[in-house]
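One is the number of the first residue; the rest follow in order along the sequence. On a predicted model such as this, the values are computed, not experimentally measured, just so you know.
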Amino acid sequence: MKSYPLFDLSGRVALITGGSVGLGRQMAEGLAEMGANLVLCARKKERCQQTAEDLQKMGVRALAFGCDVKDPASIRAVVEKTLNEFGQIDILINNAGTSWGALTEDMTLEQWHKVIETNLTGTFLFSQAVGKVMISRHRGKIINIASVAGMRGSPPSFSAIGYSTSKGGIIIFTKDLACKWGMYNIQVNAIAPGWFPTDMSEKVIQRNKESLLANIPLGRFGGPNDLKGAAIFLASDASDFVTGHTLVVDGGQSA
């Protein structure tokens, strides 16, 4: 088989949480470029709608739904609507996430819960709901968005312990789910991005630009195309023998 068909996603359906902006939109564009139809969901449906309209110009179908990843009923509604429209879900990218900057000794329980429930519990709930569909079809690709922040501790100047904890949890969740669902031919992997300028990270990058770049061997932050290849690989047949893996995309920062 030639290499190109291994990456072809024509006719596949990908559901991406938090897919309207930032890294989610970048991955959505990458999958659309390879022919996948997209379902985007986020708390702000209007953002997803605009992105969906842009993706449709690429010749694929794209739908937008509002969804709270902390709410099982909201998740079930998105899954049901997706199945009603497409009849299948081949790819799930758990990308929705949030952070909260606070000293560990000052962080409130409410702030901690918001981050953990959105990033980690939301990943579990969506995987559970979509996984039932994939199990019945005996195939599927789940991609969880972790972070290099979940692979080691951060200096005191970066006070986001809830975020780091949630991303570390996603990495081990990915490994364990891969062990559980391998028997159903479902590949479960994660991507751990480094520093990419997004709405969530932009202020931190601006305040610490020089020190951050000094620790990135490639000498730059992630760009608008740097996650596309990783997402396409893990969503396609090219990764059929890869599961339980965390693919680091950080310019060498963690090296």
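The CG atom of Leu31 sits 5.0 Å away from the CG atom of Leu9 when rounded to the nearest 0.5 Å. Separation of atoms OG (Ser99) and NZ (Lys114) is listed at 10.0 Å; rounding is to 0.5 Å. To the nearest 0.5 angstrom, Ile89 atom CD1 is 14.5 Å from Arg12 atom CZ.
Between the side chains of Thr123 and Asn94, no donor N or O sits under 3.5 Å from an acceptor N or O. Asp54 and Gln50 share a side-chain donor-acceptor pair at under 3.5 Å.
Here Arg43 pairs with nothing under the salt bridge (charged side-chain N to carboxylate O under 4.0 Å, His left out) rule; sequence neighbours left out. The side-chain hydrogen bond (donor to acceptor under 3.5 Å, both in side chains) search around Ser20 returns none, not counting sequence neighbours. The salt bridge (charged side-chain N to carboxylate O under 4.0 Å, His left out) check on Glu53 picks up nothing, with sequence neighbours excluded. Residues passing the salt bridge (charged side-chain N to carboxylate O under 4.0 Å, His left out) test with Glu29, sequence neighbours excluded: Arg25, Lys228. Partners of Arg139 by side-chain hydrogen bond (donor to acceptor under 3.5 Å, both in side chains), not counting sequence neighbours: none found. Lys209 meets the salt bridge (charged side-chain N to carboxylate O under 4.0 Å, His left out) test with no other residue; sequence neighbours excluded.
Remark: the backbone N or O of Thr118 is not paired with any side-chain donor or acceptor of Thr121 at under 3.5 angstrom. Distance alone, capped at 3.5 Å, places no donor-acceptor pair between the Gln187 side chain and the Val242 backbone. Proximity of a side-chain donor or acceptor of Ser236 to a complementary backbone N or O of Asp8 within less than 3.5 Å is not detected. The main-chain N or O of Gly223 is found under 3.5 Å from a side-chain atom of Asp226 such that the two form a donor-acceptor pair. Side chain of Thr246 to main chain of Ile191: no donor-acceptor pair is present (N/O by atom type, distance under 3.5 Å, no hydrogens or angles). Put simply, the side chain of Thr17 gets close to the backbone of Asn95: a donor and an acceptor are under 3.5 Å apart. Within the 3.5 Å criterion, the main-chain N or O of Gly150 finds no donor-acceptor partner in the side chain of Ser164. Formation of a donor-acceptor pair under 3.5 Å by the Asn215 side chain with backbone atoms of Ser211 is found in this model. Side-chain N or O atoms of Asp176 include none that pairs as donor or acceptor with a backbone N or O of Ile172 at under 3.5 Å. A distance-only check finds a donor-acceptor pair linking the side chain of Ser201 to the backbone of Phe196 [under 3.5 Å].
Within the structure, salt bridge (charged side-chain N to carboxylate O under 4.0 Å, His left out) pairs that include any residue of residues 243-253 do not occur (at least two apart or interchain). Screening residues 120-136 for salt bridge (charged side-chain N to carboxylate O under 4.0 Å, His left out) gives no qualifying pairs among residues at least two apart or on separate chains. Among pairs with a residue in residues 66-77, those fulfilling salt bridge (charged side-chain N to carboxylate O under 4.0 Å, His left out) read Asp68-Lys70, at least two apart in sequence or across chains. A ring pair (Phe, Tyr, Trp, His ring centres under 6.0 Å) check over residues 73-101, counting only residues at least two apart or in different chains, returns nothing. Contacts classified as salt bridge (charged side-chain N to carboxylate O under 4.0 Å, His left out) and involving residues 84-98 (residues at least two apart or in different chains) are given here: Arg61-Glu85, Asp90-Arg137.
With contacts defined as side-chain heavy-atom distances shorter than 4.5 Å, the pair Ile75/Pro72 does not qualify. Residues Ile91 and Leu234 fail the side-chain proximity criterion, which asks for heavy atoms closer than 4.5 Å. Leu213 places none of its side-chain heavy atoms less than 4.5 Å from the side chain of Trp195. Looking at His113 and Leu109, their side chains come closer than 4.5 Å, going by heavy atoms from C-beta outward. Between Met134 and Ile142, the closest side-chain pair of non-hydrogen atoms falls below 4.5 Å. Looking only at side-chain heavy atoms (C-beta outward), Leu247 and Asn189 stay at 4.5 Å or farther from each other. You'll find the side chain of Val188 reaches within 4.5 Å of the side chain of Ile186, heavy atoms only. Taking the side chain as every heavy atom from C-beta outward, Ile145 and Pro193 approach each other to under 4.5 Å.
Using a 30° and 60° split on the angle between ring planes, Tyr184 and His138 fall in the perpendicular class, above 60°.
Residues Leu38 and Leu92 fall into different hydrophobic clusters, defined by Ile, Leu, Val, Met, Phe, Trp and Tyr side chains chained together at heavy-atom separations under 4.5 Å. Hydrophobic clustering (ILVMFWY, side-chain heavy atoms < 4.5 Å, transitive): Ile93 and Ile232 are in one cluster.
The pair Asp237-Lys141 does not meet the salt-bridge criterion, since no charged nitrogen lies less than 4.0 angstrom from a carboxylate oxygen.
Crowding of Ile161 atom CD1: a count of heavy atoms from other residues, nucleotides or ligands under 6.0 Å not exceeding 12.
Among Leu15, Val79, Val78, the single residue meeting the side-chain contact (heavy atoms from CB on, under 4.5 Å) criterion with Phe65 is Val78.
Under a 4.5 Å side-chain heavy-atom criterion applied to ILVMFWY residues, the cluster that includes Val248 comprises Val148, Met151, Ile171 as well.
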